[in-house]
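None of the values given here were measured: they were computed from a predicted structure. Counting starts at 1 for both ligands and their atoms, following the listed order. For this chain, numbers begin at 1 and follow the sequence in order.
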Amino acid sequence: MSVYRVQGGRPLRGKIPISGAKNSVLPILAATLLTGGRSRLHNCPDLRDVGSAIRILEHLGCRVLREEGDILVDSSMANRWDVPHQLMREMRSSVIFLGPILARFGKAQLSLPGGCDIGQRPIDLHLAALRRLGVKIREQGGDILCEAGDLRGQDVILSFPSVGATENTMLTATACTGVTRIINAAREPEIADLQEFLRKAGAQVQGGGESVIQLSGELPRRDVEHTILPDRIETATYLCAAAACGGEITLTEAEPEHVGTVLQCVSEAGCTVRSGGRTITLWAPERIKGIAPVRTMPYPGFPTDAQAPLMAAACTALGTSVFLETIFENRFRHAAELARMGADIRISGRTAIVNGTQLHGARVRSTDLRGGAALVVAALAAQGESVVEDISHIDRGYEKLTDKLTALGCQIERLKEG
Ligand code: UD1
C-alpha cells in the first residue's frame, strides 16, 4: 500500500501548471460515445478516475489511445450497452455513461455507481429526468435496466441543480426528438465545457453554465477536437496549501474566474492575490487569519470539493473559522484525522468550528479524495513528519502531486509500505 511521507513546516515557493479538470474530462469522455467517430481531447489529466472511464469505453467497444496529455477515442465500433459491476464500482462518475449509452444504443444496463463515501449520493434526480424524456427504467437489485423507447424533448425541472443529473440529461437529450429544456440546471464550468464539446460534435445546445439549458435533439456525429478546461479544485487545493504554509506560489494554465470564491476566502484571511489571463500568484503570510464563514453551495458558490483543503488551512490560522457544508451530509470525515495533527475542530451537524493552532506531524488516513488532499495540506504545514495513508483516494483526482509539490519546495515522497 502506498503512502505519502511529508516533512512539514516549510513555506511554499515556486511555479506549477494546473492540469485539466477531472470533472470535465469524465463526462466528455462519456460523450465521445455519442459521436460514433473520432475525438481527440487535449489537456487530459493522468488520474485513476480517467483510467476507469477509459476502461468503460474500451468495454463498450471503443478504441482508446493515450498520447501524453491527449486521449483519442474512436467510438465508431462501439457495440455494447452494459457496464459491468466492477467498472461501475470504481467511481461515482460511471453513472455519466448512462445518458450516452442510451442515446447511442436505445438501451443500457448499469449497476449503482461507487465513489467517495461522503454521503448517500443517490441517483434519483438522474433517473427522474431520464424518465421524463421517455426512458423506461427498471431497478432490479443493484442493477438499472433502461429502454429508450420513444425519446421526446421535454421541460425537465431539476429539484436541485445536480451536476451529474444535468450532464446525464444533456447527453440523453441529444437523442430526443424536439427540444429539451433543463430548468434549474447546474451552472458549474464543467457543464459549459461539456456543452462546448457537444457543439463541436454538431449538437444544437445553449445555456450551458446558466440555469436553463436548451438542446434540440439530433445525435451529434462528427470528429471532434477539444481542450479540457483547467481543474478549479486542483487550483483551489494548491492555493489552500500555500495559505496553510505561507510563501509565494504562481499557478499557470489556471482559470482564475472559476475559483473566485476561494480567492476571496484566502484574500480575506490575509493572503495577497494577483491574477491575470491564465495565471494566479498568491503571497501568503506566515500564518493566515481565521476565515470568514464558508458555506458550500452549487456554483458559483463556494465549492464543496474545496471545503476540506480550506479547512486544513484554517486549522493553522490565527483565529476561528466556521464551515457550513450544505451539499453532502457526510463531508467532515477528514476532521477526525486532522485532529491527530493537533487540529481543534468541533462538528455539530453540518457545521464545523475550527480554532487555528500549530499542527504537528502524525500518521493519518485519507477518508476520501478531497479529505485526503486536506491531510496533505495539513501535513505540509505541520511541524515534523507526517505519513498519509490510503492515498489511492488522492490518486483519483490529483495529477503528479508529488512532482508539483516538490517543485514548490515541499518535502514529500511516495513510498510503498507493507
Ligand atoms: C459532482 C462532482 C463532485 C462535486 C459535486 C458537487 C463530478 C465528476 N463530480 O458530483 O466532485 O463534489 O458535483 O459539486 O463532476 N443528489 C441527489 N440525487 C441525485 C443526484 C444528486 O440527491 O440524483 C444530491 C447528492 O447526494 C448531493 C447533491 O445532490 O447531496 C449534489 O450532487 P451532484 O451535484 O449530483 O454531484 P455529482 O454530480 O455526484
For ligand 1, which atoms sit closer than 4.0 Å to a heavy atom of [X]?
X    : result
F160 : 28 (C), 29 (O), 31 (C)
V163 : 1 (C), 13 (O), 15 (O), 33 (P), 34 (O), 35 (O), 38 (O)
R331 : 12 (O)
I123 : 19 (C), 23 (O)

Review point. Looking only at heavy atoms, is any part of Y299 under 4.0 Å from ligand 1, and if so is it the side chain, the backbone, or both, or is it neither?
Key: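 The answer is neither.
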Practice item. Taking atom types as modelled, find out whether D143 and H85 have a side-chain donor-acceptor pair closer than 3.5 angstrom. Key: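 The answer is no; no qualifying pair exists.
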Review point. Among side-chain atoms of H393 and D368, is any donor-acceptor pair under 3.5 angstrom?
Key: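 Looking only at side-chain atoms, D368 and H393 do not form any donor-acceptor pair under 3.5 Å.
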Can you check whether [X] has an N/O within less than 3.5 Å of an N/O in ligand 1?
X    : answer
G164 : yes
S162 : yes
L125 : yes
S93  : no
N23  : yes
T304 : no

Point to revise | R331/D305 ion pair, N-O < 4.0 Å | key: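 Result for this pair is yes, salt bridge flagged.
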Check your understanding: Salt bridge between K404 and E234, side-chain N to carboxylate O under 4.0 Å?
Key ->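 Yes.
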Review point. Between the candidates P122, A53, A165, which shows the shortest non-hydrogen contact distance to atom 20 (C) of ligand 1?
Key: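 Looking at heavy atoms only, the winner is P122.
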Practice item. Closest by any non-hydrogen atom to atom 30 (O) of ligand 1: pick that one out of I233, I327, N330, T166. Key: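 Of the listed residues, I327 has the closest heavy atom.
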So do [Y] and [X] actually touch side chain to side chain, heavy atoms under 4.5 Å?
X    : Y    : result
E389 : Y4   : no
Q195 : M170 : yes
R152 : D150 : yes

Exercise for review: Using side-chain hydrogen bond (donor to acceptor under 3.5 Å, both in side chains) as the criterion, list what pairs up with D395, not counting sequence neighbours.
Suggested key: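 With sequence neighbours excluded, D395 shows a side-chain hydrogen bond (donor to acceptor under 3.5 Å, both in side chains) to R414, given in chain and number order.
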Exercise for review: Determine which pairs satisfy salt bridge (charged side-chain N to carboxylate O under 4.0 Å, His left out) with at least one residue from residues 174-190, sequence neighbours left out, and list them in order.
Suggested key: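 For residues 174-190, and leaving out neighbouring residues, the salt bridge (charged side-chain N to carboxylate O under 4.0 Å, His left out) pairs sorted by first residue read D155-R181, E190-R232.
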Review point. So is H126 close enough to ligand 1, meaning a heavy atom under 4.0 angstrom away?
Key: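 Yes, H126 has a heavy atom closer than 4.0 Å to ligand 1.
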